[in-house]
2 protein chains.
Amino acid sequence: MRSDERRELILQAATDVFGKSGYVGTTTADVAKAAGVSQPYVVRLFGTKEQLFLDVINRALALLLAGFRSALDDTDSDVPLERRMGLAYVNQLNQHGLLLSLMHAFVLGREPVIGAAARHGFMAVYRFLRDEAGFDADQVQQFLAFGMLINTMIGLDMADEFEGDPDVREMMQCVFPEKLDMVRKLSAEQSA
Amino acid sequence: MRSDERRELILQAATDVFGKSGYVGTTTADVAKAAGVSQPYVVRLFGTKEQLFLDVINRALALLLAGFRSALDDTDSDVPLERRMGLAYVNQLNQHGLLLSLMHAFVLGREPVIGAAARHGFMAVYRFLRDEAGFDADQVQQFLAFGMLINTMIGLDMADEFEGDPDVREMMQCVFPEKLDMVRKLSAEQSA
DNA sequence: AGTCTAAGTAATCGTTCGATAACAACCGCC
DNA sequence: GGCGGTTGTTATCGAACGATTACTTAGACT
């Protein structure tokens, strides 16, 4: 296999594993096993584990912004822009661990290299909302806040607790008044 | 010193360190150094690093709910309840790493023990908002979403990037339209 | 056929970390 | 004024991890 194809496969596997266990909690052997290659090969392709994680979150941000731009360009829809953007965000749950890897990066601001990359990525999203989506300040705040809440619910793995606990069910309905079916479906796919 | 006093000192130190580096990224030696004791003593007082982290987040949740209850009982104020609750949340930034340790737990839902504790803690907050604060579904969603956004901004360490980058300044003003001064002040204390 | 290069692995090394064991100092108490 | 329990330390062990080295295999080109 060509090395650039192998890189992409490893990046996909690493996105899932980093999303589940975080940056420090993920070993290069975990990534290698998920990608079906040997551990030293992962290290040789990316140099260091830190560089691998940086590549993972930069790829995740590129995919996220690409999804946003698709939603933005879908002008013949009668769905309002804010809702199209929200759906584009939730659709990223198709890629297991993509939003979660970003979230892990977002709470590591004190890590010198990763923190800087995380801040830069977050600001890229902000600039997109402001400049390309044309959101005003309140729209930006609502969008970012709800996005972080989604990330937290995914990180908590709350959907798997959905069945059985009526309080959890009620909380999820309260937090996702309409997107719940989609979130549940995507979460089920994620577990499979 | 009595061991229960020492335990509290270690819990405070551990809250800061776990908040900065996360659960896996923090070593028991880091906690011991921050608390001014030896590393084996930390392990002996708490059994395992996992149990120490569980104690940290349970203490953080107890303090958080206690702050909420104080805001709830402050009925002679003319400040509306939602705002009092928001201020109570932001006031938790006085304890370095308290909200951040919780956030680290919230993204580890797949960890069997920590994930279960994190979900339980999050649900305790939800039940408080619903039963004690009397929030309706929309108020709960807004409160939780904004809280997670605050946590993310703290995790990103975005306030330290405040000076210098006009986009960061603008984003922070957009996200914290009125609480910005408080957040900045508390963040400065945190760095000191 | 023979050689060069890219793709990939097995073996292993040095470090770090959580935990354990053994030991030391203080303090109340009879 | 020894004695037991509590508080705390130093030394160290075994496992895990990231990284390095050396080796192997498979095409591509002449």
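A note on names: the letters A, B, ... follow the listed sequences, proteins ahead of strands, and every chain is numbered from 1.
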Round to the nearest Å and state the distance from [X] atom [atom1] to [N] atom [atom2].
X     : N     : atom1 : atom2 : answer
A/D4  : C/dA7 : CG    : C1'   : 12 Å
A/L45 : C/dA7 : CG    : C1'   : 9 Å
A/R6  : C/dT9 : CZ    : C1'   : 12 Å

Please enumerate all residues that pass side-chain contact (heavy atoms from CB on, under 4.5 Å) together with [X], with sequence neighbours excluded.
X      : value
A/D136 : A/D138, A/Q139
A/S101 : A/T15, A/F18, A/V56
B/T48  : B/E50, B/Q51
A/D167 : A/D165, B/M123, B/R127, B/R130

**OP:** List, by chain and number, the other hydrophobic cluster members for A/L9, where Ile, Leu, Val, Met, Phe, Trp and Tyr join if side-chain heavy atoms come within less than 4.5 Å, directly or indirectly.
**Re:** A/M1

Original post:
Where is the tightest heavy-atom contact between B/T26 and B/K49, given as atom of each residue plus distance?
Top reply: O-NZ, 2.7 Å

Original post:
So, is A/S3 near the phosphate of C/dA7, with a side-chain N or O under 4.0 Å from OP1 or OP2?
Top reply: yes

**OP:** Taking heavy atoms of chain B and a 4.0 Å limit, find me the 5'-most and 3'-most nucleotide of DNA chain D within that range.
**Re:** D/dT7 to D/dA11

Original post:
ring-ring contact (aromatic ring centres under 6.0 Å, His included) with B/F143: which residues, sequence neighbours excluded?
Top reply: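 Partners of B/F143 by the ring-ring contact (aromatic ring centres under 6.0 Å, His included) criterion, ordered by chain and then number, come out as B/F68, B/F135.
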
Original post:
Does any pair with a residue in residues 33-42 of chain B pass side chain to side chain donor-acceptor pair (under 3.5 Å), and if so which ones, sequence neighbours excluded?
Top reply: B/T28-B/Q39

**OP:** Any chance you could list the contact pattern along nucleotides 16-21 of chain C? Use B for base contacts, S for sugar-phosphate-only contacts and - for none, protein heavy atoms under 4.0 Å, 5' to 3'.
**Re:** -SBBB-

